[in-house]
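Reading through the structure tokens given below for one structure.
Worth knowing before you read on, the calculation uses all heavy atoms, side chains too, and leaves out hydrogens, waters and symmetry mates. Predicted model, so just to flag it, every value in this text is computed and none were measured.
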Amino acid sequence: GGPRPLPGQEVSVKVLGALEDGGLVERDPRLIFVPGHGDVVEALELGVPTMQPGEVSFFLAAFPYAYGRPGSREPDVPPEAPLLFEVTLLEVRDGPDPQPLPPAVRLRLGSQRRERGNFHFARADFAAALRSYRLSLRALDGPTTAPLGPEEEEELREQRVKCLNNCAAAELKLGRPEEALAACEAALRISPDNGRALLRRGQVRLVSPHTTPLPSARPSSYPPLLSPQLLAEQGRDAEAALVLKRALELDPANKVIHTELSRLAKRQRPPTNT
């Protein structure tokens, strides 16, 4: 027993999700989220706040309240599939991530939130995707109950770079090249040779060649840039070319990089006289 979750509180739940034929598609012994943040399917967003700690509930979710018309690859849910969820409310806390978590739990939480962002991104809900990616970064940066081992440190770096690259993609879709650039630079601080971050940075330069650093009155959502003035200078097509060529060295078969370099070459080509 106990009080139901209030707005802004964080919950931990045990979740089982099954298709109509009984096939289990979702199993999470401890799913952590804040209702209303868009971190989970709508059935859980709406259902869990009606529960009390220790309560077990069953939610039969039509596809708009589960994984939508297209379904999902991860978990493997067919298009327009209703789902039956068995949910146990384990714990309610006053705020998101207030206490240290075991490293494995914190890494899993970050991955869960990033995957939810990918779900929103695939459905062109870029604002919701960005919100989930930022929640993932916050989860990954939270305190742990024990020092991370070498493998966990490496996984943390990989997850942060993936999430920052995804933030950059979402920011571009939302028409915010300054924030996209900041996310790229934050990823490159962690992994200077990350091909995807270099590609995104080159794309920002092509989309908005006169992007400048964010003014102090509007702080970035990402860590500070490595060289804040570098990308504010004129002649950014030349820099974009260098960035994209560096990305191509790291991933020679990447068709997207080849396409962006072709776009840049066409833009730099002087107009022909007719």
Side-chain angles (χ1 to χ4, degrees), residues 8 10-13 15 17 25-26 28 30-46 48 61 63-77 83 85 95-97 101 104-142 155-191 194-197 199-201 203-204 220-223 256:
E10 183 180 78
V11 300
S12 298
V13 298
V15 179
V25 295
E26 196 161 354
D28 197 322
R30 194 173 188 86
L31 177 64
I32 302 172
F33 67 98
V34 178
H37 279 191
D39 244 359
V40 293
V41 297
E42 195 73 7
L44 300 184
E45 290 272 13
L46 297 174
V48 170
F63 73 84
Y65 297 91
Y67 286 91
R69 192 173 299 280
S72 171
R73 289 186 186 178
E74 183 61 42
D76 186 11
V77 178
L83 291 179
F85 291 100
D97 305 324
L101 294 174
V105 174
R106 188 158 293 288
L107 289 168
R108 184 164 59 85
L109 178 60
S111 178
Q112 166 213 321
R113 290 178 172 174
R114 178 171 52 82
E115 288 170 3
R116 188 61 184 170
N118 294 344
F119 173 85
H120 291 307
F121 194 98
R123 286 151 180 78
D125 190 347
F126 304 119
L130 184 60
R131 185 167 59 246
S132 291
Y133 295 145
R134 287 176 173 174
L135 286 170
S136 174
L137 287 170
R138 189 166 67 185
L140 293 170
D141 289 340
E155 183 180 349
L156 177 64
R157 284 193 293 270
E158 289 179 1
Q159 283 207 39
R160 293 196 79 249
V161 169
K162 287 179 181 178
C163 211
L164 287 163
N165 280 327
N166 291 354
C167 283
E171 297 282 15
L172 276 176
K173 291 290 187 181
L174 293 168
R176 297 201 288 248
E178 297 94 345
E179 289 283 0
L181 183 61
C184 292
E185 293 288 355
L188 290 168
R189 289 181 63 195
I190 302 169
S191 180
N194 184 264
R196 188 174 294 273
L199 170 60
R200 291 270 186 266
R201 189 168 70 171
Q203 288 174 321
V204 172
S220 171
S221 302
Y222 309 101
V256 177

Check for a donor-acceptor pair, side chain of [X] on one end and backbone N or O of [Y] on the other, with a separation under 3.5 Å.
X: E45; Y: D39; answer: yes
X: R108; Y: R30; answer: yes
X: E26; Y: F85; answer: no
X: Q159; Y: L107; answer: yes
X: R106; Y: A139; answer: yes

From [X] [atom1] over to [Y] [atom2], what is the distance, rounded to the nearest 0.5 angstrom?
X: L181; Y: L172; atom1: CG; atom2: CG; value: 9.5 Å
X: L156; Y: D141; atom1: CG; atom2: CG; value: 7.0 Å
X: L109; Y: E10; atom1: CG; atom2: CD; value: 7.0 Å
X: L137; Y: N166; atom1: CG; atom2: CG; value: 9.5 Å
X: E115; Y: K162; atom1: CD; atom2: NZ; value: 9.0 Å
X: R116; Y: H120; atom1: CZ; atom2: NE2; value: 4.5 Å

Worksheet item: Does R134 come within less than 4.0 Å of E171, counting only side-chain N to carboxylate O?
Response: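 Answer for the salt bridge query: yes.
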
Fill in: Any residue meeting ring-ring contact (aromatic ring centres under 6.0 Å, His included) with F126, in chain and number order, not counting sequence neighbours
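Once residues adjacent in sequence are excluded, the partners of F126 under the ring-ring contact (aromatic ring centres under 6.0 Å, His included) criterion are F121.
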
Shortest non-hydrogen separation from [X] to [Y] and the atoms involved:
X: I32; Y: Q112; answer: O-NE2, 3.3 Å
X: P35; Y: V11; answer: CD-CG2, 4.1 Å
X: A183; Y: C167; answer: CB-CB, 4.2 Å
X: L135; Y: R113; answer: O-NH1, 3.5 Å

Discussion item. Before you tell me yes or no, could you show the steps for V41 and Y65 under side chain to side chain contact (heavy atoms under 4.5 Å, CB included), namely the whole-Å CA-CA distance, both residues' side-chain angles and the distance that decides it to 0.1 Å?
Written reply: CA-CA 6 Å; V41 297; Y65 297 91; over 6 Å; no

Practice prompt. For V40 and V13, run side chain to side chain contact (heavy atoms under 4.5 Å, CB included): C-alpha distance rounded to whole Å, both residues' side-chain angles, the deciding distance at 0.1 Å, then the answer.
Written response: CA-CA 11 Å; V40 293; V13 298; over 6 Å; no

Item to complete: Applying side chain to side chain contact (heavy atoms under 4.5 Å, CB included), run through E158 and V161 and close with a yes or a no.
Response: CA-CA 5 Å; E158 289 179 1; V161 169; 5.9 Å; no

Practice prompt. Would you indicate whether the side-chain heavy atoms of Y67 and V25 approach each other to under 4.5 Å?
Written response: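 Not in contact.
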
Worksheet item: Quick one: does P64's side chain get under 4.5 Å of E42's, heavy atoms only?
Response: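 In short, these two side chains do not touch, never coming nearer than 4.5 Å.
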
Worksheet item: What residues, two or more places apart in sequence or in another chain, satisfy side-chain hydrogen bond (donor to acceptor under 3.5 Å, both in side chains) together with S72?
Response: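 Applying side-chain hydrogen bond (donor to acceptor under 3.5 Å, both in side chains) to S72 gives none.
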
